[in-house]
Amino acid sequence: MLTQSKRPILLTGVYAVLWCLLWIDAHAWFRLGMWTLTIGFLSALPLCSYWIRRQRHATAVVRRAVLSVCYLPLWQLLAHLPLLNFSYSLAASLIQFGTAGAFFLGLAWAVWWIDRATKRAPEPSKKNTKKRTWDPRQLVAWYFGNKNNKLRQSLFTLLTYTVIFGIMALILTRLSGCSLYESPLGGGEETQLKQIVKIQKVIDKKYVINPYSSVLFNPPPIDDVKLEVLEVTEHLYKIGQGKGDGAGFSAGTTRGKVRFIRLKYDGGDWEQDMDRGSDLNLLTEYGVRTGHPVSDRPEPMEIGRLKSFPARKSPPMVYMTGQQNINLSAKELKIMRSYLLEHHGMLFGDNGGSSGWEGQFVSMMQKVLPRIEPISVYLDHTIHRIPYPLPRLPIVAPHGRSSALGWVVNGRLVAYYHPGDIGDAWADGHSGVPREVWESSYQLGVNIIYYAHAEYNKWLEATKK
Amino acid sequence: MKTPRPRLLFLIVILFTAFSSLSHAALSTLQQIEVATFEKMRDVERYQIKIAEKHFLAGKFKIALAEYEKFLTLYEKSPGAPYAQLMWSHTMMNLKKPKTALRDGFQSVIDYWPESHEATIAAYCMGDSYRTMGEVKSAQKAFRFLIMKYPDHEIAVRSRTDLLHYARLHQEMEERLSLLNQLTFGVKRTDAAKETCIKAAHELAELHCFAQKLADGKKALATTYAGPALFDQVCNLSAKTVQHLLKEPKTRPAALKLGGQLLATLRAETLVRPELAKDLLYRVAELHGTLGRPSNTWTVYEEIGKRFGVEDGLRSRQATWFLAREKRDQARRIYGEFDDKVTGQKAIAEMYLEEGKINEAIEVYRHLLEIDGDHSGDYFWSIAGCYEKLSDWKKAIASYRQVDRFPANYFAIAKCHRRLGEQKEAIILYNQCKVNGKAAPEATLQIGFTYEESKDKEKAIRTFQLTCKRYPKSGQASKAHSHLQNKYDINVTLGGTEEE
């Protein structure tokens, strides 16, 4: 039987394991919802508070140790909370500062430990003076030399700690897990989304009643008039692709949802307009307009993580925006190529605000698909016609060219570049652009998401074993 | 039935030729109607086609489309109907609807009038539409079919050119060589095909030479050139090949060997064609430079000087030679000896500017003002630029004022005023620049930046937003939009447009 004093330690240990799983899910698996994660991270608060209170009369070292351990869940909680408000840049900053804090905290403990261990270490025996000492706790260790041994030991500690911290950080930030993307189940034809409103002209019968007539007239009561307005003005909001019923895709699943994945990349401001609800607004509009179940939040994702999706369960479309530079490593370029060609994905690039970004995007695509020339995506392309027929290309601010660019592989658009900061029109307040522009921006966004999913579905159906 | 009088018919043909040569100036060969077809058409049909064409050439494609549709509705059985259908498709292409053009336009020409001249053109246009849509495989298939079906037609040449482009892009060397061989040796060199064939011959020769097959390269060039012209082309290509081969250490010995042979050939040619000896010797000098023997280059220059006398062309090369060796004083001395004083002094001024000797450059430009008054505007502009480099804004303004280049000089003066902290004067000048429609967006944007410099944040933001609102399709709107986002974190830009 466990003693009374050991039970909290055991329970805390169990909680720590669960917390680690929660952390991995938040960074690699993405199975749990945003609120579940928040509740999970919040649950660390009472536990930390319990341990801090419990050890308040303990020795200074124990108290500091408890505070240091509590730092990790509290930091993660703090970095997670801005995500509820889609403040991705704030969350990223908190993670960066928190990492620096964790580094210095760990360094302080490493220095404390080495100092303590050096003092406590047994004196080397004088009999074996010729034998080399390897123990770093001993100042006489051979690799510290004969002069400035203490300084060299400190430098050794700092170096060793930095390397270990760096390796751990590298492992944790490269966690990719195994993600899944499933489209919603349904089917239908690829048709243009039309609002059918039959205007029926109802000519009211006028009863001319002669008050002096001997014939009795009975005008029909108003409740008996059947207008059938709901049926004739029903909107065709359920669209899909493939053999199946309801809004969705034939190769989808009942738990499938349309998600909006934004790519993180080095060199630029990938998170542009995300804080202003740009992606979420489009995702919500897509759900409302097409009837497809959609995710409750957009997902920022590193390019490297695209490879974690298994074949036939990867996202049909990923989004990329910004206005500075795009610096992709050779590995990332390879992952992108594999995603576009082997995983049948699609990249949607939106110029967030500079003519230079167009060059960055085109040059990136030249590296990803060197043998494919970009084309000017024409207005009668499926992407501009279904579900919404677009007579013109909406542009919030022209950053370079005036038409969209596309990279076509086997008749399928694998990348679509929009020059006019369409994300600004999706954001809260629509950046002050006229209604017709933001409305067609939403329509174009819906078309692109739908096109990518429909093409992905066709590929799934065609390659079904 | 009356037969038309020959004189009247002749007059019609002459008038049509003159008219069509004027109006068809912007129509490509794939968009022009055949004279025979036009002759057969009735006046009313011709008139309708001309109306549609007028709108097409004016870029009013929607109206042109309606006019061609009208023609097809009214004169369905006209000999001009396939042409109208073809032009309807071209109009669709211009309206950025290649899919519709292909399905409802070019395909219809082939289906309804398979024997017509337009059907052949439409067949090529279908391939072109596939290319526009990025469907490379379908485009290649269409082009290959056309080469097979119409081997001697102009469109077969176009198809080969298009296939060649894809062969280059996809690095398919075998197909590239095959197409280049066809264009160089197989295709009949008509007026339309001549230029393409010559280009192909050059490309083929280059490929052969780079692969060290000089004889094959010469053979390719011999299809186009003969005699001395062929010699010149072979020499040029050989020099290029030497340059190419020198890049790789493996092929360096071959390059040096080829270079030696070429030098000997050029020397020998100076004796055969003494009238061209000077040019040939220049080539020898150049080749020595390519082979990394600069001292030999100088010796050849001296030889040219002795044999043909020293003139500006030689001096220019000698000065460049000194510049490449960082002997700037000697280069300047040679520029000073130029017979054409203006060119020499300009080069000296540029050298001073490169060296950062601004005052000396100004002195040279002032001297140029005296000896070449006709181009005083250019020299005042350069002097103003020099003063800008010296941060002497007032003198720069004074120089810019003497230049007649509106609105560029106003922009430059305004920039100087801004540097002097005279933002009000700058804004007045920018407002004057707005008179010029093309300069208005830039002027408005600069007004915004000027307000920003004068710490009037509110007016600056308003002006940037105005730029987005008034000129939503301009590049300046793009700059204002991103500046508002980056500097002020303002996303309400009031811009937005829809590009047709």
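Order of the sequence lines fixes the chain letters, A, B, ..., with proteins taken first and strands second; residue numbering starts at 1 for each chain.
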Looking only at heavy atoms, which two atoms of B:Ser478 and A:Pro398 are closest? And how far apart? CB-O, 2.8 Å
Output the distance between atom CG (B:Asn486) and atom CD (A:Gln324), rounded to the nearest 0.5 Å. 7.0 Å
Counting heavy-atom pairs closer than 4.5 Å to chain B, which one of A:Asp269, A:Ile372, A:Thr382, A:Ile375 comes out on top? A:Ile375
Interatomic distance, NE2@B:His165 vs CD@A:Glu373, rounded to 0.5 Å, equals 3.0 Å
Between atom NE2 of A:His384 and atom NZ of B:Lys97, what is the distance when rounded to the nearest 0.5 Å? 12.0 Å
Proximal component of B:Tyr130, with respect to chain A [non-hydrogen, under 4.5 Å]: neither
Has A:Lys458 got more than 12 heavy atoms of other residues, nucleotides or ligands less than 6.0 Å from its NZ? yes
Is B:Met93 close to chain A through its backbone or its side chain, or both, or neither, when contacts mean heavy atoms under 4.5 Å? neither
More than 12 heavy atoms from other groups under 6.0 Å of OH on B:Tyr488: yes
What part of B:Ser474 is in contact with chain A, defined as an atom under 4.5 angstrom from a non-hydrogen atom: side chain, backbone, both or neither? backbone
Please state whether the side chain, the backbone, both or neither of A:Asn351 comes within less than 4.5 Å of a heavy atom of chain B. neither
Does the side chain of A:Asp380 reach to within under 4.5 Å of the side chain of B:Met92, using non-hydrogen atoms? no
Could you check whether atom CZ of A:Arg337 has more than 12 heavy atoms from other residues, nucleotides or ligands sitting under 6.0 Å from it? yes
Greatest number of heavy atom pairs closer than 4.5 Å to chain A - which of B:His483, B:Lys479, B:His170, B:Gln171: B:His170
Taking everything shown except B:Lys459 itself, do over 12 heavy atoms lie less than 6.0 Å from its NZ? no
Measure the spacing between OG1 of B:Thr132 and NE2 of A:His381 and express it to the nearest 0.5 Å. 12.0 Å
So which atom in A:Tyr378 and which in B:Lys96 form the shortest heavy-atom distance, rounded to 0.1 Å? CB-O, 3.1 Å
Looking only at B:Ser482, B:Ala101, B:Ala477, B:Gly475, the option with the highest number of non-hydrogen pairs under 4.5 Å against chain A is B:Ser482
Contact summary for A:Gly353 and B:His481, nearest pair of heavy atoms: CA-ND1, 4.5 Å
Name the region of B:Lys137, side chain, backbone, both or neither, that has any atom closer than 4.5 Å to a heavy atom of chain A. side chain
Non-hydrogen side-chain atoms of B:Gln485 and A:Asp273 separated by less than 4.5 Å: yes
Check whether more than 12 heavy atoms from other residues, nucleotides or ligands sit under 6.0 Å from atom CD of B:Glu195, and answer yes or no. no
